[in-house]
Amino acid sequence: MAVALAGARIFDGARIVDGRAVLIDGERIVAVVGQSDLSVGVTVRRIEGLLAPGFIDIQVNGGGGVLFNADRSVQAIAAIGAAHRQFGVTGFLPTLITSSRGHMVEAITAAREALDTGVPGLLGIHLEGPFLNPARKGAHDAALIRQIDAADITVLTSLGNGKTLVTLAPEQVPLATISALARAGVILAAGHTAADHATIVAARREGLTGFTHLFNAMPPLSGREPGPVGAALDDDMAWCSLIVDLHHVAAANLRLAIAARGWERTILISDAMPTVGSDIDCFTLDGRPVIRRNGRLTNAEGVLAGSDLDMATAVRNSVSTLGLPIEAALHMASRAPAEFLGLGSDFGRIAPGYRANLVLLDDNLRVIDTWIDGKSSH
């Protein structure tokens, strides 16, 4: 039976409207109508707040006390998704940080099985590394960073159903390989890179489409060396993800990047670790402890190791600290990542035919409820 959500303001992916109701039948939105136009026989659920497309997080290392690198299983993926759902995430990519080929196979196998069994919100997998620049490794294990080979290409293209995002350093991967992966449907982003402008431009021509956590694990923009940051901000069609936890990147630089790049093609990510949705303050990454202090996660060397950020907080920070309109922040959390993943016809909007993946927010942009494929979390 169709259900109508009525009473809330609605951000439809482009603008906020009042006096409308969202009609859901099964997994899809079938109509957005005036509240006075609801037909007899429709079950009406009265809600208050702001109803928006559900958030899509394309970089989720962990949550709810679970780290994907440590537990590459269907159960871990489901636990991570459940932990982030309470923060408005209705679509996500579990992210495997630089690891061995064997662990990559296990992670992809788990993602495939989780997709087949219908783990709520799962859209695919993100492999961040191991084909990175060791000089820009961040918290990644330098001993596991390596050159790509033919066997890796087979692994990276093996998911089947769902989306595969790979973060790599373009200067470490042959252009022909970038082209082959892109042709095979792998979504490619530059990250943990020291590539010069020309190398980035060449990789973009071969199918690289995005930049992972812009500024972080990259050389700074300078007058004569634009590097990856300059290349990203100078490219009207590139997609850039940002960690808006106010620890990874200064607020002024976030504002500058969004102003230069435009929020339409800027993506909010959490880069979340197991602490999100959990009360733990310490976990182990590649055998090394990571500690949470005052919202920062650092290893023994003091290097940032992922984040303690959730997507709802990223949206709030974008509005309260960066001064963005609510519409821009919500777009960066939903419609932008959907379009980046090639899922813009199914996710990221509240419109007829779209998946009923929704988040209901209160006046402080805190999550009240979520829907995944039409099913409420309450």
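Here the structure is a predicted model, which is why all the values come from computation and not from measurement.
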When rounded to the nearest 0.5 angstrom, what is the spacing between CZ in Arg292 and SG in Cys282?
10.5 Å
I'd like to know if the side chain of Arg265 reaches the main chain of Met237, judged simply by a donor and an acceptor atom lying under 3.5 Å from each other, with no hydrogens or angles considered.
yes
Return a table of donor-acceptor pairs under 3.5 angstrom between the side chains of residues 249-258 and protein atoms on other chains or two or more places apart.
residue, atom, partner, partner atom, Å
Arg255, NH1, Thr321, O, 2.9

Between CD of Gln59 and CD1 of Ile267, what distance do you get to the nearest 0.5 Å?
10.5 Å
Mind listing the closest non-hydrogen atom pair of Leu268 and Ala329 along with its distance?
CD1-O, 3.8 Å
Are Thr98 and Glu128 side-chain neighbours, meaning at least one heavy-atom pair lies under 4.5 Å?
no
Neighbour count above 12 (heavy atom, 6.0 Å) for Glu264 CD:
yes
So which atom in Ile47 and which in Leu360 form the shortest heavy-atom distance, rounded to 0.1 Å?
CB-CD2, 3.9 Å
Ile269 versus Leu242: any side-chain heavy-atom pair under 4.5 Å?
no
For Asp18, does the CG atom have more than 12 heavy-atom neighbours from other residues, nucleotides or ligands under 6.0 Å away?
yes
Do you know the tightest heavy-atom contact between Ala190 and Thr167?
C-CG2, 4.3 Å
Ion pair check, Asp152 and Arg146, cut-off under 4.0 Å:
yes
Nearest non-hydrogen partners of Ile125 and Leu93, listed with the distance
N-CD2, 3.6 Å
Checking Arg101 against Asp149 for the salt bridge (Lys or Arg N to Asp or Glu O under 4.0 Å) test, could you report, in this order, the C-alpha distance in whole Å, the side-chain angles of both residues, the deciding distance, and whether it holds?
CA-CA 11 Å; Arg101 183 183 295 146; Asp149 61 24; 2.8 Å; yes
Do Phe340 and Ile56 have side chains that approach each other closer than 4.5 Å (heavy atoms only, starting at C-beta)?
no
Assess whether side-chain hydrogen bond (donor to acceptor under 3.5 Å, both in side chains) is satisfied between Asn61 and Asp271, documenting all intermediate values.
CA-CA 6 Å; Asn61 309 301; Asp271 197 22; 2.8 Å; yes
Could you tell me the separation between the CD1 atom of Ile145 and the CZ atom of Arg136, rounded to the nearest 0.5 Å?
12.5 Å
Distance in Å, Leu233 CG paired with Arg261 CZ, rounded so as to fall on 0.5 Å steps
7.5 Å
Could you walk me through whether Leu132 and His140 pass the side chain to side chain contact (heavy atoms under 4.5 Å, CB included) test, one step at a time?
CA-CA 9 Å; Leu132 309 176; His140 291 234; 3.5 Å; yes
For the aromatic rings, using the six-membered ring if either is Trp, is the centroid distance between His248 and His213 under 6.0 Å?
no
Could you go through the side-chain hydrogen bond (donor to acceptor under 3.5 Å, both in side chains) check for Asn133 and Thr193 one step at a time?
CA-CA 5 Å; Asn133 189 323; Thr193 174; 5.7 Å; no
Nearest heavy-atom neighbours spanning Pro228 and Leu214:
O-CD1, 4.4 Å
Can you tell if the side chain of Thr177 reaches within under 4.5 Å of the side chain of Leu175, non-hydrogen atoms only?
no
Salt bridge Arg204-Asp235, side-chain N to carboxylate O under 4.0 Å:
yes
What are the two closest heavy atoms between Leu96 and Ala107, and how far apart are they?
CD2-CB, 3.9 Å
Ile16 side chain reached by Ile10 side chain, heavy atoms, under 4.5 Å
no
Evaluation steps, side-chain hydrogen bond (donor to acceptor under 3.5 Å, both in side chains), between Thr284 and Arg288
CA-CA 5 Å; Thr284 300; Arg288 295 169 293 177; over 6 Å; no
Rounded to the nearest 0.5 Å, how far apart are CG of Leu156 and CD1 of Ile108?
6.0 Å
Ion pair check, Arg45 and Asp369, cut-off under 4.0 Å
yes
Leu38 vs Val44 side-chain heavy atoms within contact, under 4.5 Å:
yes
Please examine the side chains of Leu304 and Arg296, heavy atoms only from C-beta on, and report whether any two atoms are closer than 4.5 Å.
yes
Take atom CD of Gln35 as the centre, draw a 6.0 Å sphere, and report whether it contains more than 12 heavy atoms from other residues, nucleotides or ligands.
yes
Taking C-beta and beyond as the side chain, do Thr90 and Trp371 meet within less than 4.5 Å on heavy atoms?
no
Quick one: do Arg355 and Asp373 make a salt bridge, cutoff under 4.0 Å?
yes
